[in-house]
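Worksheet for the structure shown next.
Values below: all heavy atoms of this structure, side chains included; hydrogens, waters and symmetry mates excluded.
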Amino acid sequence: MAVGGTAGRPEEPGQPGEGRFRALVERSRDALVLVAAAGQTLYVSPAGGDLLGYAPAALVGGDAFAGLHPDERARHARGFARLVRRPGATARATVRYRHQDGGWRWLEVAATNLLHDPAVGAVAASYRDVTARVEAEATPQASEARMRLLVEQAPVVLWTTDATLRFASGVGAGLAALGLRPDQLVGTSLAAYFGTADAAFPPLAAHHRALAGAAVTYDQEWAGRVYQSRVEPLRGADGAVVGVVGVAVDVTERRQAEEAARRRAVQAERLAATLAQVGAAPDVAGALEVLLRGAVALLGGAHGVARLFGPGPGERPLELILDATDGADGAGRLTVRVDPPPLGPGTFAAALQAGGPPTLVDDFWSLDPAAYPAHATMRQEGQRAAVNVSIEVGGRCIGSLHVNHPQPGAFGPADLALAGALALQAGATVERARLESAQREHLARLTHQAAELARREAEAAALRELDQLKDELLRTVSHELRTPLTLIVGYTELLRARHPTLGPETVDRLLGRIGAGAGQLTRLVEDLLDAGRLAQGEVALRPEDLDLAPVLRDALEGFRTQAGGARLIGELAAPLPVRADRTRVVQVVENLLANAVKYAPAGPIVLRAQPVAGPAAGPRRVRVEVEDRGPGIAPAEQPRVWERFYRGAAAGGAVPGSGVGLAVVKALVEAQGGQVGLESAPGHGARFWFELPETAVRPAAAPSCRFQR
């Protein structure tokens, strides 16, 4: 066969020609390569290039051994040299050859020495890729070795039992912790090993359930260790349960770590809660109690003492003693002592007060009784270990915290740090309480000073207002008195000088004017006096059942003789039965009429009276109104018109008056169970009114007469 050799040789009848061999070679799934005696590649079939990822032309002319794995290259070169010396011989080998992608492929090679055949003149080799097969054959062996190593060295215990629960095997490095050698238990029953045949014993119960087809996980403490075990049915080739297979893992350290982590988490949570409670305590005593209970609970102590040496602002020395021997989580009997006895020398509290460091006591009983005076007390109380920390504010020790325990060595550095954190928060709370106390005292002083200043200012303002009212009253009264007095004096002088020459009608008219002036003067004086008496509640009333209609008519007729009286109009219904003081009602009406005449210089003035409905479910009332066409009153001023000496902006000093008439009206009406009111708008006049309760008693008809003061 001359592959790549001389062409054109005639084919013999019945024999395949060169073209046919070439076609077979190029279409073969196995690779074919021709190698010279010196190891040079003469030919590579297309399949050879495909298997290794190279173009065949790239391999031709190169060293046939260059792509072999370095660890195998020399060995396979020596085998090729031996084959070259044996014409017609065939050799087989499995080699590793570098693929074009850089990886290695396992090749199965069969090489035949055809150097002596003139048609070939080379070593003809065929090869195929057997990588998958080689790796598959190698995996079980490696896996089995690794598994054996894992089982023998894993820190677990692996075992199997037969159907009678006798150990059939036992391996694993965990056996050493139990003082056992591999397979030492073989042939021993579980009941004999654990020393009990109780079917409820967890390991035995779990194995029985596994024989019944269940997988069971359970924990068991053994030889001072905690093991987590799992057992499952061991089945034969036919699927029937023939025993139990189990694995046990020593979880002692993990459980201890979990328990320690749980305790730390609970402790951290309690610490945070205690710190918050200490910080939120309303006072120093409350903070010390929360501190003491929290410290005893967190450290698991049986006895604790918290002291506040004092003195601070508003503080007294304080000592809290907690006996938690029979309590839990800081509960127990609490004793509070104010002004406790002084600390004895040589005690840990005295050392802390003097500036000593926090102290951890492993065992009180091991201390020298001569150096520690509380030695006997600690023995008597059964306390042995303790943590002692100071409560500080601003670097100065103001108190101490002590937690005791009946077991020696019960506390460590972490407990000392924990107690220190609590004491630090307590110190901050004490400082906060002191600052708040100082602030409260300062605020109280400021509040008192402000109140005193406000009182003095109010007194000064009242005095200024009183002085102003006095001046205003004097000016008003002087003006109000001057007018009627001038009228009286003037007409009196006129009568005296010209009496003989005046006719009776003139004299009567002049005497009427003198009487009106005297009445005006009398009304002013009585209003001023009533204003003072009403303010003191000294006005006496004489109520009676009367018909208000004739009383109002008499008052109206009497007022007509005065200045402006001609504008008065009466609209009086009858009868108007009320129970009231006749004199005071007339005074109220005259004040309202005088007010209307004074502030409404033009237009009619109406005196109106009629019964009206009372409030819901209440008696009817008699309403009396005085309506004018004056300038009106602004809404902002209306509530003040009933105040004493208030005259309003509309008066502007141009309208005379004392400012007490309406105040007297309001006081007199309300004293008789009535009420007053005002309806007005600027530019639309005003309507002043008062109401008195209507009475069911019909008074006897009274003679109509003019009211005389």
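- Considering CG of Leu607 and CZ of Arg553, their distance stands at 11.0 Å, rounded to 0.5 Å.
- Within 6.0 Å of atom CZ in Arg542, 12 or fewer heavy atoms from other residues, nucleotides or ligands are found, so the atom counts as exposed in its surroundings.
- Between Leu343 and Ala350, the shortest heavy-atom distance links the atoms CD1-N, 3.9 Å.
- A donor-acceptor pair is defined here as one N or O able to donate and one able to accept, closer than 3.5 Å; no such pair exists between the side chain of Asp581 and the backbone of Pro543.
- Looking only at atom types and distance, the side chain of His402 has a donor-acceptor partner in the side chain of Asn388 under 3.5 Å away.
- Counting heavy atoms from C-beta outward, Arg293 and Leu322 have side chains that approach closer than 4.5 Å.
- Between Arg396 and Glu392 there is no salt bridge, since no side-chain N of the basic residue sits under 4.0 Å from a carboxylate O of the acidic one.
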Using the rule given for side chain to side chain contact (heavy atoms under 4.5 Å, CB included), can you reason through Leu288 versus Val336, listing the C-alpha separation, both sets of side-chain angles and the distance that settles it, and then say yes or no?
CA-CA 10 Å; Leu288 283 181; Val336 179; over 6 Å; no
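- In this structure, NE2 in His448 is found 9.5 Å from CG in Leu453, a value given to the nearest 0.5 Å.
- Applying the side chain to side chain contact (heavy atoms under 4.5 Å, CB included) test to Glu679 and every residue at least two apart in sequence or in another chain returns Arg623, Arg687, Trp689.
- Checking side-chain atoms of Glu289 against main-chain N and O of Ala285 turns up no donor-acceptor pair under 3.5 Å.
- Between Glu694 and Pro611, the closest side-chain pair of non-hydrogen atoms falls below 4.5 Å.
- Counting heavy atoms from C-beta outward, Val676 and Phe688 have side chains that stay 4.5 Å or more apart.
- Looking only at atom types and distance, the side chain of His684 has no donor-acceptor partner in the side chain of Arg629 under 3.5 Å away.
- Contact annotation: the side chain of Cys397 approaches that of Phe309 to within less than 4.5 Å [non-hydrogen atoms, C-beta and beyond].
- In this structure a side-chain-to-backbone donor-acceptor pair under 3.5 Å is missing from Ser390 to Ser400.
- Here the straight-line distance linking atom CG of Leu546 with atom OG1 of Thr695 works out to 9.5 Å at 0.5 Å rounding.
- Taking every heavy atom of both residues into account, Gln675 and Val669 meet most closely at N-CG1, 3.4 Å.
- Using a 4.0 Å cut-off between charged side-chain N and carboxylate O, Arg640 and Glu637 make no salt bridge.
- With sequence neighbours excluded, the residues forming a salt bridge (charged side-chain N to carboxylate O under 4.0 Å, His left out) with Arg579 are Asp545, listed by chain and number.
- One distance of note links CG of Leu352 with CZ of Arg307; it measures 9.5 Å at 0.5 Å rounding.
- Taken to the nearest 0.5 Å, the CG atom of Leu662 stands 9.0 Å off from the CG atom of Leu678.
- The shortest non-hydrogen separation linking Ile605 to Asp628 is CG1-CB, 4.4 Å.
- In this structure, the separation between CD on Glu691 and CD on Glu625 is 8.5 Å, given to the nearest 0.5 Å.
- Checked by atom type and distance alone, the side chain of Arg621 never pairs as donor or acceptor with a backbone atom of Val612 at under 3.5 Å.
- Of all the heavy atoms in Ala555 and Val589, the pair that sits closest is CB-CG1, 4.4 Å.
- Residues Ile391 and Ala423 approach most closely at CG2-O, 3.8 Å, considering heavy atoms.
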Test side chain to side chain contact (heavy atoms under 4.5 Å, CB included) applied to Leu298 and Leu422, step by step
CA-CA 10 Å; Leu298 284 168; Leu422 288 170; 3.9 Å; yes
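- Within 6.0 Å of CD on Glu544 lie more than 12 heavy atoms contributed by other residues, nucleotides or ligands.
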From CA spacing to verdict: side chain to side chain contact (heavy atoms under 4.5 Å, CB included), Leu292, Val305
CA-CA 7 Å; Leu292 182 58; Val305 180; 5.5 Å; no
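- Counting heavy atoms from C-beta on, the side chains of Ile321 and Leu334 never come closer than 4.5 Å.
- Leu668 places none of its side-chain heavy atoms less than 4.5 Å from the side chain of Val585.
- Side chain of Gln638 to main chain of Ile633: a donor-acceptor pair is present (N/O by atom type, distance under 3.5 Å, no hydrogens or angles).
- Under the 4.0 Å criterion applied to side-chain N and carboxylate O atoms, Glu457 and Arg464 are assigned as salt-bridge partners.
- A 4.5 Å side-chain heavy-atom check between Val626 and Val606 finds every atom pair outside the cut-off.
- Using a 4.5 Å cut-off on side-chain heavy atoms (C-beta onward), Pro635 and Pro682 make contact.
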Passes side chain to side chain contact (heavy atoms under 4.5 Å, CB included), Phe559 versus Leu568? Steps please.
CA-CA 8 Å; Phe559 209 88; Leu568 300 181; 3.6 Å; yes
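- Partners of Arg560 by side chain to side chain donor-acceptor pair (under 3.5 Å), not counting sequence neighbours, listed by chain and number: Glu557.
- Closest heavy-atom contact between Pro575 and Asp547: CB-OD2, 3.4 Å.
- Applying the 6.0 Å contact sphere to CZ of Arg608 captures more than 12 heavy atoms from other residues, nucleotides or ligands.
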